[in-house]
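For reference, the structure discussed in these notes is given below.
Because only heavy atoms are used, hydrogens play no part in the values below, and waters and symmetry mates are left out as well, while side chains stay in. Below, read A as the first sequence line, B as the second, and so on, with proteins coming before strands; counting in each chain starts at 1.
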There are 2 protein chains.
Amino acid sequence: MTEPVAQQLSRRERQIMDAIYTLGRATVAEVRERLPEPPSYSAVRALLRILEEKGHLRHESEDNRYVFIPTVPAESARETALRHVLRTFFAGSAAGAMAALLELEDLELSDEEYDRLAAAIEQARREGR
Amino acid sequence: MTEPVAQQLSRRERQIMDAIYTLGRATVAEVRERLPEPPSYSAVRALLRILEEKGHLRHESEDNRYVFIPTVPAESARETALRHVLRTFFAGSAAGAMAALLELEDLELSDEEYDRLAAAIEQARREGR
DNA sequence: CCAGCACTGCTAGAAAATTAGCACCCCGCT
DNA sequence: AGCGGGGTGCTAATTTTCTAGCAGTGCTGG
């Protein structure tokens with residue numbers, strides 16, 4: 001019951017999981033704020049309960065209120081999301097995706113980030129990946 | 001009516017749009033094949049009609065059957081998808097996302113791709129982005 | 001000519017998602 | 001002790017999504 005079932009989420013469920021992943025952890029009110037055209041408090045509450053039942057979230061009590069936390073660690077979720085985008089839009093090519101990222105208008109990377117990236121690429125190359 | 005309304009898609013709608021984007025263009029049957037636990041032909045047909053009404057797709061007749069084509073060009077859709085992932089999982093940082101891409105187990109880039117990427121990075125740096 | 005096949009359009013109904021409402025609980029304050 | 005505010009659980013009902021069914025169309029081969 002606590003294992004996150006690999007099933008597709010509904011629209012709202014997706015929105016809520018996204019909100020929580022961007023925040024890391026969140027209370028009902030915080031999630032609600034992030035939703036487009038915020039539904040009622042209890043609507044959100046209900047969805048959170050469902051997500052918890054499905055095993056995507058767990059909660060802790062904090063200051064007498066619940067804080068919801070993803071059961072799937074952010075890194076895994078990230079990877080899954082990236083792979084999905086790769087598959088659907090880049091024919092699975094990570095290189096293609098990276099190229100697209102570099103093309104973003106508002107990239108704004110710092111010099112340091114450029115250096116780190118260049119280094120990461122060289123490292124990946126050496127490791128033959 | 002022909003403008004894609006920026007509203008969130010339902011689960012199935014999303015699946016279908018994804019299928020079409022990976023294929024570029026697709027017939028009903030082709031879309032259907034790609035869906036998990038393929039629903040009936042007419043179920044798919046109905047969803048396609050809805051997506052068309054909402055302005056996400058258009059169709060052409062080809063060999064007496066419809067070929068569905070996204071109204072939003074792949075590049076835009078890609079960018080939107082990437083930005084979404086950036087926002088939700090990487091605090092908006094493209095550098096973070098690229099780093100994560102480079103960490104993928106099964107990266108398998110060719111030497112040429114490494115070169116191209118390195119070059120792209122240098123170019124972006126020069127262009128001050 | 002008409003049977004079979006592969007499509008399409010449309011619609012009603014089932015199923016799932018989403019919502020609000022209401023009862024309860026705990027805590028701080030007067 | 002008795003509010004009031006801000007939480008929570010649960011449930012019923014609405015709304016949306018999703019589906020299958022059926023009728024119509026065009027083409028192809030016997």
Side-chain angles (χ1 to χ4, degrees), chain A residues 1-2 4-21 23-71 88, chain B residues 1-2 4-21 23-71 88:
Chain A
M1 210 77 62
T2 132
V5 153
Q7 102 210 237
Q8 293 238 31
L9 300 177
S10 73
R11 169 166 38 178
R12 264 282 187 257
E13 287 172 345
R14 180 76 271 145
Q15 292 175 345
I16 289 179
M17 288 306 294
D18 283 355
I20 295 183
Y21 272 114
L23 295 171
R25 61 211 312 283
T27 64
V28 181
E30 288 167 342
V31 169
R32 179 163 178 272
E33 280 169 8
R34 303 232 148 207
L35 297 179
E37 310 180 24
S40 75
Y41 184 96
S42 43
V44 178
R45 192 64 198 73
L47 267 290
L48 286 169
R49 191 154 352 98
I50 291 172
L51 283 166
E52 195 163 1
E53 273 166 20
K54 291 191 183 173
H56 294 275
L57 294 175
R58 64 192 179 79
H59 72 264
E60 295 177 357
S61 265
E62 210 160 279
D63 295 333
N64 278 328
R65 86 191 77 180
Y66 286 178
V67 176
F68 290 85
I69 303 169
T71 55
T88 41
Chain B
M1 211 70 61
T2 131
V5 154
Q7 102 210 236
Q8 292 236 31
L9 300 177
S10 74
R11 170 167 36 180
R12 263 282 188 259
E13 287 173 344
R14 181 75 271 145
Q15 291 175 345
I16 290 180
M17 287 306 294
D18 283 355
I20 295 183
Y21 272 114
L23 295 171
R25 60 211 312 282
T27 64
V28 181
E30 288 166 342
V31 170
R32 179 164 179 273
E33 281 170 6
R34 303 232 148 205
L35 297 179
E37 310 178 25
S40 76
Y41 185 97
S42 41
V44 178
R45 192 64 198 74
L47 268 291
L48 286 169
R49 191 154 355 99
I50 291 171
L51 282 165
E52 195 163 2
E53 274 165 19
K54 291 192 183 174
H56 291 93
L57 294 175
R58 65 191 178 80
H59 72 263
E60 294 176 358
S61 265
E62 209 161 278
D63 295 332
N64 277 330
R65 86 190 76 179
Y66 285 178
V67 176
F68 290 85
I69 303 170
T71 56
T88 47

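Straight-line distance from the CG atom of B/Asn64 to the C1' atom of D/dT25: 10 Å, rounded to whole Å. Atom CG in A/Asp63 sits about 15 Å away from atom C1' in D/dT8, given to the nearest Å. The distance between atom CG of B/Leu57 and atom P of C/dT8, rounded to the nearest whole Å, is 13 Å. Between A/Tyr66 atom OH and D/dG6 atom P the separation is 19 Å, expressed in whole Å. Rounded to an integer number of Å, the gap from CG of B/Leu47 to P of C/dT11 is 17 Å. Distance, A/Gln15 CD to D/dT16 P: 14 Å, rounded to whole Å. A/His59 places its NE2 atom 12 Å from the C1' atom of D/dG7, with the value rounded to the nearest Å. Per the geometry, CD belonging to A/Gln8 stands 15 Å off P belonging to D/dT17, to the nearest Å.
Contact annotation for A/Tyr41: base contact, defined as any heavy-atom pair under 4.0 Å involving a base atom. Counting any heavy atom pair closer than 4.0 Å across all strands shown, B/Ile50 reaches no nucleic acid atom.
By the 30° and 60° cut-offs, the orientation of the rings of B/Tyr66 relative to B/His59 is parallel.
For B/Arg12, a side-chain nitrogen or oxygen approaches OP1 or OP2 of D/dT19 to under 4.0 Å. At D/dA20, one or more side-chain N or O atoms of B/Ser40 fall inside 4.0 Å of OP1 or OP2 (strictly under the cut-off). At the phosphate of D/dC18, OP1 or OP2 sits under 4.0 Å from a side-chain N or O atom of B/Ser10.
The side chain of B/Ala43 lies closest to D/dA20 when the candidates are D/dA20, C/dT8, C/dT11.
When the nearest nucleotides of DNA chain D are assigned to A/Ala29 and B/Glu13 by heavy-atom distance, the more 5′-ward of the two goes with A/Ala29. If you find the closest nucleotide of DNA chain D to A/Val28 and to A/Arg11, the one lying nearer the 5' end belongs to A/Val28.
No donor-acceptor distance shorter than 3.5 angstrom exists from the side chain of B/Thr88 to the backbone of A/Asp18, with no hydrogens or angles considered. A donor-acceptor pair is defined here as one N or O able to donate and one able to accept, closer than 3.5 Å; no such pair exists between the side chain of B/Arg65 and the backbone of B/Thr27.
Side chains of A/Arg25 and A/Glu60 form a contact here, defined as non-hydrogen atoms less than 4.5 Å apart. Proximity of A/Leu48 to A/Ile20: side-chain heavy atoms (C-beta onward) are separated by under 4.5 Å at one or more points.
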